[in-house]
J.: 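Dumping the structure here so I can ask a few things about it.
Here the structure is a predicted model, which means the values were calculated and not measured. In what follows, every chain begins at residue 1, and chains take the letters A, B, ... in the order their sequences are listed.
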Protein chains: 2
Amino acid sequence: MERELPASLLMFISSRSAANRIFEALQKQGFGDLTIAQSRLMMGIDPEGTRLSVLAERAQIAKQTATALVDKLERAGYVERVADPTDGRARLVRMTSRAKKAIPHARAEEDRIEREWRAHLGTERMQLLREALTDLRKITDPYQ
Amino acid sequence: MERELPASLLMFISSRSAANRIFEALQKQGFGDLTIAQSRLMMGIDPEGTRLSVLAERAQIAKQTATALVDKLERAGYVERVADPTDGRARLVRMTSRAKKAIPHARAEEDRIEREWRAHLGTERMQLLREALTDLRKITDPYQ
DNA sequence: TTCCCATAGTCCTATCAACGAACTATAATA
DNA sequence: TATTATAGTTCGTTGATAGGACTATGGGAA
């Protein structure tokens, strides 16, 4: 008698699978120095640049962790820190052209995964899954 | 115009929320020395004990990582290593009574989360979500 | 049997992620 | 102006992770 796995664990399994695939896709495209945590942080950067503390909040990590990740991203040439014209204490983290080149590859793999999942589940169930997950986010994502 | 988040990211958000809640619940019940990774490994232990390499495979981590996690679990009194009577090379990782006391608390929080999610989504949508996730596992979980 | 290779687990080492605490500089407010 | 809040960094520590090399045991082939 098999115990039913919690929905959260099932989500963990599939989301990890997806994260690994995106990570591997980036590696193959010449972005092998990016890690999953770094990529996740980078995804939170707005086109005009984003403050470190905002990035930390979006990724739900401490400021110190974000500092360390941005340090590595900067050294690898993915982001740059520029002064925030509206606040002398703050700096904006901005993507460089290298990061902008990586994004489409990540998005492409995301789309590929999404299509495979849709093909496996069928269009309608995939749609229901998306809606349920989006709805669930309202009570599981403290930062909207 | 907001870009639709990938389903995998939505899963990541909710699964992390659940993992944090279970982790915090265990902390409050006197199991504050358990980490999320250690708990996850422990969940893979069968009643009669399980080989380290099997645990590593189930958690999808390297043997060395599993060794390190079991070391910590052993030092904290959650598991013990006993000889495998069927294979002189192997040892079985078994839960101690302390671990067995922790399990119900984790399960209880899991159930609480599951109920809240069901209340939020409605019984039918929650059921559809579960089924879709279970089905998806067939193509996202390399170890069944 | 004996020999060779596979397997189970560990040790060593290195890297990454993560964060509490303390600190500096700037902004905002009383 | 003095005080307090905020943005970000630095320091130090812990945990997770894995590559590579190693030991001991098991299993199959000659």
J.: Examine C:dG20: is either OP1 or OP2 under 4.0 Å from a nitrogen or oxygen in the side chain of A:Lys63? Give yes or no.
T.: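 No, A:Lys63 has no side-chain N/O under 4.0 Å of OP1/OP2 on C:dG20.
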J.: Whole Å only: how far is the CG atom of A:Leu92 from the P atom of D:dA7?
T.: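 These atoms are roughly 12 Å apart.
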J.: Once you round to the nearest 0.5 Å, how far does CE of B:Met95 lie from CG of B:Asp46?
T.: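 B:Met95 CE to B:Asp46 CG: 8.5 Å, rounded to 0.5 Å.
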J.: Could you tell me how far apart A:Leu34 (CG) and C:dA17 (P) are, to the nearest whole angstrom?
T.: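 Atom CG in A:Leu34 sits about 10 Å away from atom P in C:dA17.
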J.: Could you give the CD-to-P distance, from A:Gln38 to D:dT17, as a whole number of Å?
T.: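 The distance from CD of A:Gln38 to P of D:dT17 comes to 17 Å, rounded to the nearest Å.
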J.: How many Å lie between CZ on A:Arg51 and P on D:dT9, as a whole number?
T.: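 For the pair A:Arg51 CZ and D:dT9 P, the rounded distance is 13 Å.
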J.: Using a heavy-atom cut-off of 4.0 Å across all strands, would you classify A:Asp84 as base, sugar-phosphate, or nothing?
T.: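 No contact at all - A:Asp84 keeps every heavy atom at 4.0 Å or more from the nucleic acid.
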J.: Please report the distance, rounded to the nearest Å, between CG in A:Leu73 and P in D:dT9.
T.: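 Answer to the nearest Å: 13 Å.
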J.: For A:Gln27 and C:dC16, give me the distance from atom CD to atom P, rounded to whole Å.
T.: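 Result: 13 Å.
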J.: Quick check: closest heavy atoms across B:Arg81 and B:Thr67, and the distance to 0.1 Å?
T.: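 Taking every non-hydrogen atom into account, NH2-O, 4.2 Å.
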J.: Take A:Arg89 and B:Val54, find for each the nucleotide of DNA chain C with the closest heavy atom, and name the residue whose nucleotide sits nearer the 5' end.
T.: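 The residue closer to the strand's 5' end, by nearest nucleotide, is B:Val54.
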J.: When you get a sec, tell me which of D:dA16, D:dA18, C:dG9 is the closest nucleotide to the side chain of B:Gln64?
T.: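 Of the candidates, D:dA18 comes closest.
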J.: Taking only side-chain nitrogens and oxygens of B:Thr65, does any of them come within less than 4.0 Å of OP1 or OP2 of D:dA18?
T.: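 B:Thr65 to D:dA18 OP1/OP2: side-chain N or O found under 4.0 Å.
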J.: One thing to verify: whether B:Arg125 and A:Glu131 come together as a salt bridge, which I'm taking to mean a side-chain N less than 4.0 angstrom from a carboxylate O.
T.: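 Result for this pair is no, no salt bridge flagged.
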J.: Roughly how many Å is it from CG in A:Leu52 to C1' in C:dA18, rounded to a whole number?
T.: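 Answer to the nearest Å: 14 Å.
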J.: I'd like to know if A:Glu109 pairs up with A:Lys28 as an ion pair, taking the criterion as any Lys NZ or Arg NE/NH1/NH2 lying under 4.0 Å from an Asp or Glu carboxylate oxygen.
T.: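 The answer is no: the pair does not qualify as a salt bridge.
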J.: Select base, sugar-phosphate, or nothing to describe what A:Ala68 touches, counting heavy atoms under 4.0 Å on all strands.
T.: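 The answer is nothing, as A:Ala68 stays clear of every strand by at least 4.0 Å.
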J.: Let's see if you can work this out: which of C:dA18, D:dA18, C:dG9 has an atom nearest to the side-chain heavy atoms of B:Ile61?
T.: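 Nearest to the side-chain atoms of B:Ile61, counting from C-beta on, is D:dA18.
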J.: Given that B:Ile36 and A:Arg91 both sit by DNA chain D, which one's nearest nucleotide is further toward the 5' end?
T.: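 Nearest nucleotide further toward 5': that of A:Arg91.
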J.: Given D:dT9, D:dA16, C:dG9, identify the nucleotide with an atom nearest to the side chain of B:Leu69.
T.: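 The nucleotide sitting nearest to the side chain is D:dA16.
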J.: Among the nucleotides C:dA17, D:dT9, C:dG20, which one has an atom lying closest to any side-chain atom of A:Ala37?
T.: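 So the side chain of A:Ala37 is nearest to C:dA17.
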J.: CG of B:Leu41 versus C1' of C:dG9: gap in Å, rounded?
T.: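 Spelled out: CG on B:Leu41 to C1' on C:dG9 is 14 Å.
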J.: Is B:Arg58 reaching over with its side chain to a backbone N or O of B:Gly44, donor-acceptor style, under 3.5 angstrom?
T.: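 Such a contact is found between B:Arg58 side chain and B:Gly44 backbone.
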J.: Does A:Lys72 or B:Thr67 map to a spot on DNA chain C nearer the 5' end, using the closest nucleotide for each?
T.: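 That would be B:Thr67.
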J.: Using a heavy-atom cut-off of under 4.0 Å over every strand shown, decide if B:Arg81 touches base, sugar-phosphate, or nothing.
T.: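 The answer is sugar-phosphate, as B:Arg81 gets under 4.0 Å only of primed atoms, P, OP1 or OP2.
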J.: Closer than 4.0 Å, any side-chain N/O of B:Ser53 to the OP1 or OP2 of C:dG9?
T.: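 It does, given that an N or O in the side chain of B:Ser53 lies less than 4.0 Å from OP1 or OP2 of C:dG9.
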J.: To the nearest 0.5 Å, how far apart are OG1 in B:Thr35 and CD in B:Gln27?
T.: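 Here the interatomic distance stands at 10.0 Å.
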